[in-house]
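One-based numbering along the sequence shown.
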Amino acid sequence: MRASPPLTIAESPLVEHRNRIPWWLLSACGALAFTVTVLTLEFWRLRDQDLPGDEMRMLRLVYRQVMQHHVDAHDGHELIRDAIVGMVRDLDDYSTFVPPDKAKAFDTATTGEYQGIGITMVARHVPITVLYPMPGGPAERAGLTVGDRILAVDGETLEGLTPDNVTAEARKRLLGMPGTSVKLMVESRAGERRECLLERADVQRQSVKWARLLEREPRIGYVYVGAFQQRTASEFDAALGALETEAGGKLDALIVDVRFNLGGLLTESVLIANRFLTEGNIVSLRARDDVEQSRIDVDPAKTTRPDLPLVLLVNEQSASASEVLAGALQDHHRATLVGKRTYGKGVVQSIYRWEGLDFRLKLTTSRYYTPSGRNIGSKMRGPHDGKAAGGIAPDVEVDVAAADLKALRDQLIDDEVPTPYKAPARELSADLDLPGETPPLGPDADAQLARALAVARAALAPQPTGEPK
């Protein structure tokens, strides 16, 4: 059985993101051990000689006795699943097996892609109502827009939906394999009905958002990176380009916010770090026995803003790939870190796939080290047993009250309506008496952002000259 090349990720199951169809699925992956059953049975079928023979015989004997003689009847698959859960439970906090029924959600959480028509719908509203189509997705290409109501799917009416089941039914009927077609009966806000034939596709969820100018003189920009997913770096480049255009062609300073960013794809984190560095190491990975697995250095061809003054906002829920970015920029003295000490996840997982088996194995395969040689992990056994503080300490520490932290998180991780749809989405929210989009807090209500802005201003202030002798 040949394994596909692994995908390297750096993420932490720290908190759940709010679910909103069709995206912001769980950043964390839990309860995934069922797939080990599939893997184990496949190994038995192939009589894999790498498995310990005596222990496998013990497992078969115990399994047989339980199935035949325990006072209660049992499902054999569940018994094997429980055995495998016991095997993987103590490996570390991050390795996990993803069963086939959870593989799509896992891929979405890791890559930022899902398979469907590309809409964000009004939560708990009947009929299914488009809040906005995803830019570039099938729905937008077919002309669906804010306020359109979906009345039927493939000729089957959606009457009978309730606020409690509308989300599940929308997922069931609208998601599907790329290339498959779905016919919708759509009614506009004006009451006009039309049929739309859409071809489902891979749709990218947004990971870079809330980009805006905090000040116009000096020109200080802000951008929030909520996760490191496929194309996060290209989203980041586009956001910076738009900010520079708005600022008249150039930014004087930039604040990058990775608070509540649990990690994701290491490659995307490295690309963003590379934008601001001209030489040297970004991160190194070491496998078992401290053997160097790979070393990722700066590629000068990917450096785009080597001199732009930077401030990086971090907090207790900035983890893994976010910490790779923070460590690289801090060790190269390229950015000032503001906020709180980061989470402290100094390990990286690889994702494995097998041909013909629709499951995933996420396995911790290495520890990562910042350019100065720091491993900031505090959550793993071994060389870092959790006694050390772990994480990356900010250059400027700013406390936030627990209640304020929750409000800040809710606003930052919320979905940002794409710019072309902001005005009509506000109108729709008013018509339906919905809360509407809530932008993140500004410097007047976000103490960490206020300090970051002050640090950026100070970096741009004229430096005093020495006294003449």
Side-chain angles (χ1 to χ4, degrees), residues 7-29 104-116 118-120 132-137 140 201-212 221-243 254-276 304 312-315 317-326 329 342-343 349 351 408-419 421 437 439-440:
L7 173 69
T8 302
I9 65 172
E11 65 178 1
S12 171
L14 189 62
V15 296
E16 289 187 350
H17 290 289
R18 287 185 291 175
N19 285 325
R20 176 184 285 180
I21 297 297
W23 47 269
W24 251 164
L25 297 177
L26 300 181
S27 163
C29 298
K104 287 184 180 179
F106 175 83
D107 289 343
T108 297
T110 302
T111 65
E113 284 188 344
Y114 72 94
Q115 298 167 339
I119 63 168
T120 293
Y132 59 87
M134 302 296 294
E140 185 181 66
D202 290 324
V203 181
Q204 182 74 36
R205 79 189 192 196
Q206 188 179 13
S207 60
V208 177
K209 50 190 176 178
W210 308 122
R212 62 193 191 275
Y222 168 93
V223 63
Y224 180 67
V225 182
F228 293 101
Q229 302 162 352
Q230 289 189 96
R231 294 190 285 278
T232 291
S234 61
E235 286 184 41
F236 186 79
D237 292 341
L240 260 60
L243 281 175
L254 176 67
I255 298 171
V256 179
D257 191 348
V258 292
R259 292 175 294 178
F260 309 102
N261 182 327
L262 303 177
L265 298 180
L266 181 65
T267 50
E268 297 297 309
S269 172
V270 165
L271 281 172
I272 291 178
N274 203 145
R275 298 295 187 255
F276 305 106
T304 58
L312 188 70
L313 273 168
V314 297
N315 70 358
Q317 294 181 31
S318 302
S320 204
S322 296
E323 294 173 293
V324 170
L325 174 64
L329 295 179
T342 62
Y343 180 72
Q349 285 74 49
I351 298 174
L408 178 62
R409 174 187 177 274
D410 288 346
Q411 290 173 304
L412 281 175
I413 71 170
D414 201 2
D415 305 333
E416 182 183 20
V417 178
T419 299
Y421 301 113
E437 183 182 57

query = Can you tell if the side chain of Glu437 reaches within under 4.5 Å of the side chain of Asp415, non-hydrogen atoms only?
reply = no
request  = Begin with the C-alpha distance, continue with both residues' side-chain angles, and end with the deciding distance and a verdict on side chain to side chain contact (heavy atoms under 4.5 Å, CB included) for Glu235 and Gln206.
outcome  = CA-CA 8 Å; Glu235 286 184 41; Gln206 188 179 13; 3.9 Å; yes
ask   = Roughly how far, to the nearest 0.5 Å, is OG of Ser322 from OH of Tyr343?
value = 13.0 Å
query = Can you find a heavy atom in the side chain of Val256 that is under 4.5 Å from one in the side chain of Phe236?
reply = yes
query = Looking only at heavy atoms, which two atoms of Tyr222 and Leu254 are closest? And how far apart?
reply = N-CD1, 4.1 Å
ask   = What heavy-atom pair brings Phe228 and Val225 nearest, and what distance separates the two atoms?
value = CE2-CG1, 4.0 Å
Inter- and intrachain pairs under salt bridge (Lys or Arg N to Asp or Glu O under 4.0 Å), touching residues 254-265, at least two apart = Asp257-Arg259, Arg259-Asp446
query = Roughly how far apart are Arg275 CZ and Thr304 OG1, rounded to 0.5 Å?
reply = 5.5 Å
message = Could you report the tightest heavy-atom contact between Pro439 and Gln411, atom names first, then the distance?
response = O-NE2, 3.4 Å
task = Quick one: do Asp414 and Lys209 satisfy salt bridge (Lys or Arg N to Asp or Glu O under 4.0 Å)? Show the steps, please.
result = CA-CA 10 Å; Asp414 201 2; Lys209 50 190 176 178; over 6 Å; no
request  = State whether the side chain of Gln317 and the backbone N or O of Leu262 hold a donor-acceptor pair below 3.5 Å, judged by distance alone.
outcome  = no
message = Under the rule for side-chain contact (heavy atoms from CB on, under 4.5 Å), what residues qualify as partners of Asn274, not counting sequence neighbours?
response = Ile282, Val298, Asp299, Lys302, Thr303
ask   = Hey, is the main chain of Pro133 close enough, under 3.5 Å, to the side chain of Glu140 for a donor-acceptor pair?
value = no
message = Test your reading of the model: is there a side-chain donor-acceptor pair from Glu268 to the backbone of Thr232, 3.5 Å cut-off?
response = yes
ask   = Which pair of heavy atoms, one from Ala273 and one from Leu329, lies closest together, and at what distance?
value = O-CD2, 4.4 Å
note = Nearest heavy-atom approach of Ile119 to Met134 is N-CG, 4.0 Å
ask   = Does Ser269 use its side chain to pair, donor to acceptor, with the backbone of Ala321 at less than 3.5 Å?
value = yes
task = Check step by step if side chain to side chain contact (heavy atoms under 4.5 Å, CB included) holds for Asp410 and Leu408.
result = CA-CA 6 Å; Asp410 288 346; Leu408 178 62; over 6 Å; no
ask   = Going through the checks in order, is the side chain to side chain contact (heavy atoms under 4.5 Å, CB included) test met by Leu325 and Leu312?
value = CA-CA 9 Å; Leu325 174 64; Leu312 188 70; 4.2 Å; yes
query = In Å and rounded to the nearest 0.5 Å, what is the CD to OG distance from Gln349 to Ser320?
reply = 6.5 Å
ask   = At their closest point, which heavy atom of Ala211 faces which heavy atom of Ala239, and how far apart are they?
value = CB-CB, 4.1 Å
request  = Starting at CD of Gln230, measure out to CG of Asp202 and round the result to the nearest 0.5 Å.
outcome  = 8.5 Å
query = For Pro440, which residues count as a side-chain contact (heavy atoms from CB on, under 4.5 Å) partner, sequence neighbours excluded?
reply = Trp210, Arg212, Leu412
Test side-chain hydrogen bond (donor to acceptor under 3.5 Å, both in side chains) applied to Asn315 - qualifying residues, sequence neighbours left out = Ser318
request  = Test Val223 against Val208 for side chain to side chain contact (heavy atoms under 4.5 Å, CB included), laying out the working first.
outcome  = CA-CA 7 Å; Val223 63; Val208 177; 3.4 Å; yes
